[in-house]
2 protein chains.
Amino acid sequence: MLRLSARTQYALRAAVELAAAPGAPVPAERISAAQHIPRRFLDNILLQLRRAGLINSQRGPDGGYWLARPAAEISLADIILVIEGVTQENDRFPGVSEPLEKVLGALREHQNHLLAEITLAHVAGGSLPDLSR
Amino acid sequence: MLRLSARTQYALRAAVELAAAPGAPVPAERISAAQHIPRRFLDNILLQLRRAGLINSQRGPDGGYWLARPAAEISLADIILVIEGVTQENDRFPGVSEPLEKVLGALREHQNHLLAEITLAHVAGGSLPDLSR
DNA sequence: GATAACCCGACTTATTAAGTAGGAATCAGG
DNA sequence: CCTGATTCCTACTTAATAAGTCGGGTTATC
């Protein structure tokens, strides 16, 4: 079923936190406190997001992190993809069970579609698009 | 993201196999061969399905397993629920990330809805209902 | 040069997944 | 009532993944 690892959820929450504070670098410490994310673990995650080019960072006093693109141009799928990596598994459903592939495929497609629609701006702004589609 | 354990996939495939051979008991050995499922593991899974009341069994020669209800009355969700158990986790999304809860909720709901619609008869018969909803 | 921050790889620990093992119980046919 | 086919059941093993933790290094500002 649908399952997001703690790591992925943390990444999403951290990114939303950045989306909610545009303009100035946000230190990891503040994100950690606001979202209750273990500090060292968060470092780790932010590093991964930065390496993927989704966020930027600045060291030293008044340093911190900020989004590399406008919040409206970063989708939840972007972040999940970075954290979970490409899920390259094509399980075979032999014989009579073969239609199950279509079912799972449709499910994944819908999921990807929806997550690609929703941006950090939507979430941080509290105004989500229609979720029934 | 969407992920079904090997165990769950095996359970689905085994159930479809039963749906495709109504009337007579199907021995585990045949399911194992048709679906390439490790024999002992399959035993284990079928036992779980039986205990949940989804299938029946008969020991001895000409024994085997069969569906406890018509294939049209067993949904994929029924099977997944039995194997994965109730997923009782309500992760908190504090502060600005709170709307993420709605997003994940909507995703899960759509998933459950679709999986509750599709029955073993659909899959075994190869005629799936509209998957775009 | 002190302080505030990020940077980085490696390590640890707990849980879950995926199966395996060994046999006991049951049932049909001869 | 014996044999072989089959299910039933608990427990065990092994590998992978998840979820952090650790120890320090680097960079920037004042």
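Residue numbers start from 1 in every chain, and the chains themselves are labelled A, B, ... in the order their sequence lines are given, proteins ahead of strands. These figures come from a predicted structure and were not determined experimentally. Side chains included, hydrogens not; waters and symmetry mates left out as well; all remaining heavy atoms used.
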Rounded to whole Å, CZ of A/F41 lies from P of C/dT12 at a distance of 18 Å
dist A/T8:OG1 -> A/E84:CD (nearest 0.5 Å) comes out at 3.5 Å
Atom CD1 of B/I37 and atom P of C/dT20 are separated, to the nearest Å, by 13 Å
A/N44 atom CG is separated from C/dA5 atom P, nearest whole Å, by 20 Å
Separation between CZ (A/R30) and CG (A/L42), nearest 0.5 Å, reads 13.0 Å
Side-chain donor/acceptor of B/S57 to backbone N/O of B/G64, under 3.5 Å = no
The nucleotide from D/dC22, D/dT7, C/dG22 with an atom nearest the side chain of B/A28 is D/dT7
A/I45 atom CD1 is separated from C/dC7 atom P, nearest whole Å, by 14 Å
Here the gap from B/R7 atom CZ to B/F41 atom CZ, rounded to the nearest 0.5 Å, amounts to 5.0 Å
Quick note, A/P27 side chain, CB onward, closest among C/dC6, D/dG20, D/dA18 is C/dC6
Whole-Å distance, A/L49 CG to C/dC8 C1', equals 16 Å
Looking for any heavy atom pair under 4.0 Å, which part of the strands does A/R30 touch: base, sugar-phosphate only, or nothing?
-> nothing
note: A/D43, atom CG; C/dA5, atom P; distance rounded to Å ~ 12 Å
From CD of B/Q9 across to P of C/dA17 the rounded distance in Å is 13 Å
In numerical order, the residues of residues 52-62 of chain B whose heavy atoms come under 4.0 Å of DNA chain C are B/Q58, B/R59, B/G60, B/P61
Before accepting this row, confirm whether a basic side-chain N of the pair B/R69/B/D78 lies closer than 4.0 Å to the acidic partner's carboxylate O.
yes
Worksheet item: Within less than 4.0 Å of OP1 or OP2 of D/dT7, is there a side-chain N or O belonging to B/R39?
Response: yes
Would you tell me if any nitrogen or oxygen in the side chain of B/Y10 comes within less than 4.0 Å of OP1 or OP2 on C/dG19?
yes
The nucleotide from C/dA18, C/dC8, D/dC8 with an atom nearest the side chain of A/L47 is C/dC8
Among C/dG19, C/dA17, D/dC8, the one nearest any side-chain atom of B/R3 is C/dA17
Output for pair (B/I83 CD1, B/L12 CG), nearest 0.5 Å, gives 8.0 Å
Does OP1 or OP2 of D/dT10 have a side-chain N or O of B/R51 closer than 4.0 Å? yes
The nucleotide from C/dA18, D/dC9, D/dC22 with an atom nearest the side chain of B/R50 is D/dC9
To the nearest 0.5 Å, atom OG of B/S97 lies from atom OH of A/Y10 at 11.5 Å
Comparing A/S5 with A/R40, nearest DNA chain D nucleotide closer to 5' gives the residue A/S5
Between CD1 of A/I83 and C1' of D/dA18 the distance, given in whole Å, is 13 Å
| said: Any carboxylate oxygen within less than 4.0 angstrom of a Lys/Arg side-chain nitrogen, looking at B/E101 and B/R92? | reply: yes
